[in-house]
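Below is one structure, written out as structure tokens; comments come after it.
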Amino acid sequence: MTLTFHIRPANEDDVDAMLKLVQDLATYEKEPESARATPALFRENIFEKKYAHTLLAFNGTPEAPGIALGMALYFFNFSTWTGKPGLFLEDLYVSPDARNKGIGKALFAELGKIAQEKECARLDWSVLKWNAPSIAFYEKKLEAKAMEEWMGMRLEEQGIENLQKLAIHAA
């Protein structure tokens, strides 16, 4: 059976749907306790400060939308090597019952349009090493290349605060 769906940019009224998809993603990635975002944080940081952007896929039509089935949350970065912006896909998630129906491909197609409109040199994202179905999709369908020479690094809030200890105090 064919699924009718449409994709549009998220707005503030979509915060609850976005958070549900994020929680579902965190559960899928075996870290439900790590998803600590709140409606207030999403409203402030996505819609007011515009640190990130979100595309949502809904079943139904734009005139009669249903529930959110998938999302792509992204932001822009910059490459010193290319001298151009890049698009970083922070999260892409499609609900399990809506997978293999073209939603993931459609979300990537929309991201590709945005990247071209913004003249991005790259579209980057990370994937968990154990997520074989997604890796296969990225490599086979999208022809994405794994960046095997790179290792992701992260500082969380306490690590960021600890950076202040490295500051040189001028006399």
Side-chain angles (χ1 to χ4, degrees), residues 3-15 17-26 28-29 34-35 37 41-62 65-96 98-155:
L3 176 68
T4 301
F5 66 91
H6 69 282
I7 294 172
R8 66 163 173 77
N11 62 54
E12 277 194 67
D13 294 335
D14 297 318
V15 165
M18 292 165 58
L19 285 168
K20 172 155 183 4
L21 291 167
V22 168
Q23 190 61 54
D24 291 350
L25 172 62
Y28 174 75
E29 291 184 349
S34 295
L41 287 170
F42 267 31
R43 281 188 188 88
E44 176 184 358
N45 292 309
I46 296 173
F47 299 106
E48 292 170 21
K49 294 182 178 175
K50 302 191 185 305
Y51 289 139
H53 311 275
T54 305
L55 297 173
L56 289 173
F58 291 90
N59 64 346
T61 64
I67 61 168
L69 302 173
M71 70 172 235
L73 190 141
Y74 64 96
F75 57 88
F76 296 98
N77 55 22
F78 188 81
S79 168
T80 56
W81 287 22
T82 66
K84 292 184 170 189
L87 189 152
F88 188 86
L89 174 60
E90 178 66 24
D91 285 322
L92 184 131
Y93 181 74
V94 176
S95 298
R99 291 184 187 151
N100 299 310
K101 296 184 176 19
I103 294 173
K105 290 178 197 166
L107 286 166
F108 266 103
E110 288 298 315
L111 291 168
K113 285 183 201 172
I114 293 164
Q116 286 182 317
E117 287 169 6
K118 298 290 186 181
E119 298 183 17
C120 294
R122 300 176 178 151
L123 194 164
D124 290 302
W125 66 95
S126 297
V127 59
L128 290 166
K129 291 179 181 179
W130 58 258
N131 193 345
S134 293
I135 293 168
F137 170 74
Y138 300 147
E139 291 179 339
K140 292 182 176 112
K141 296 288 183 187
L142 303 182
E143 298 180 15
K145 295 176 181 67
M147 297 185 57
E148 296 175 12
E149 295 296 317
W150 292 84
M151 178 173 53
M153 304 297 288
R154 171 179 295 156
L155 289 174

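What you see below is based on every heavy atom in this structure, not just the backbone, and it leaves out hydrogens, waters and symmetry mates. Worth saying up front: this structure is predicted, and the values here are computed from it rather than measured.
Rounding to the nearest 0.5 Å gives a distance of 14.0 Å between NZ of K141 and CZ of F108. Taking OH of Y74 as the reference point, atom CG of L111 lies at 7.0 Å (rounded to 0.5 Å). To the nearest 0.5 angstrom, R99 atom CZ is 13.5 Å from L3 atom CG. Residue I7 holds its CD1 atom at 4.0 Å from CG of L107, rounded to the nearest 0.5 Å. Considering OG of S134 and OH of Y93, their distance stands at 10.5 Å, rounded to 0.5 Å. For the atom pair NZ of K101 and OG1 of T4, the computed distance is 12.0 Å after rounding to the nearest 0.5 Å.
Residues F78 and P85 share a closest heavy-atom pair of CD1-N, 3.9 Å. Nearest heavy atoms, G66 versus F58: O-CD2, 3.5 Å. Scanning both residues, I67 and N59, for their nearest heavy atoms gives N-OD1, 2.6 Å. The two residues L73 and L89 come nearest to each other via the heavy atoms O-CD1, 3.5 Å. For the pair L123 and G112, the tightest heavy-atom approach, listed with the atom from each and the gap, is CD1-N, 4.5 Å.
With hydrogens and angles ignored, the 3.5 Å screen pairs a side-chain donor or acceptor of N77 with a backbone N or O of G86.
A search for side-chain hydrogen bond (donor to acceptor under 3.5 Å, both in side chains) contacts involving T82 returns S79, not counting sequence neighbours. With sequence neighbours excluded, no residue forms a ring-ring contact (aromatic ring centres under 6.0 Å, His included) with F137. Listed by chain and residue number, nothing satisfies the ring-ring contact (aromatic ring centres under 6.0 Å, His included) test with Y51 (two or more places apart in sequence, or in another chain). Legend: residues meeting side-chain hydrogen bond (donor to acceptor under 3.5 Å, both in side chains) with R43, ordered by chain and number and at least two apart, are absent. Residues satisfying the side-chain hydrogen bond (donor to acceptor under 3.5 Å, both in side chains) test with D24, not counting sequence neighbours, are K20.
Counting non-hydrogen atoms of neighbouring residues, nucleotides and ligands closer than 6.0 angstrom, the CD atom of E143 reaches no more than 12 such neighbours. Other residues, nucleotides and ligands contribute over 12 non-hydrogen atoms within 6.0 Å of the CH2 atom of W130.
Using a 4.5 Å heavy-atom cutoff, the side chains of L21 and L56 are in contact. Looking only at side-chain heavy atoms (C-beta outward), K50 and F75 stay at 4.5 Å or farther from each other. Residues D14 and M71 are not in side-chain contact: their nearest non-hydrogen atoms beyond the backbone lie 4.5 Å or more apart.
None of F76, F47, F42 except one satisfies the ring-ring contact (aromatic ring centres under 6.0 Å, His included) rule with H53; the exception is F76.
Applying the salt bridge (Lys or Arg N to Asp or Glu O under 4.0 Å) definition to pairs two or more places apart or across chains, those involving residues 102-130 are E110-K113.
The aromatic rings of W125 and Y138 sit perpendicular, their planes meeting at an angle over 60°, well past the 30° parallel limit.
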**Message:** Set out, in order, the CA-CA distance, both residues' side-chain angles and the distance that settles side chain to side chain contact (heavy atoms under 4.5 Å, CB included) for Y28 and N131, then state yes or no.
**Reply:** CA-CA 10 Å; Y28 174 75; N131 193 345; 3.2 Å; yes
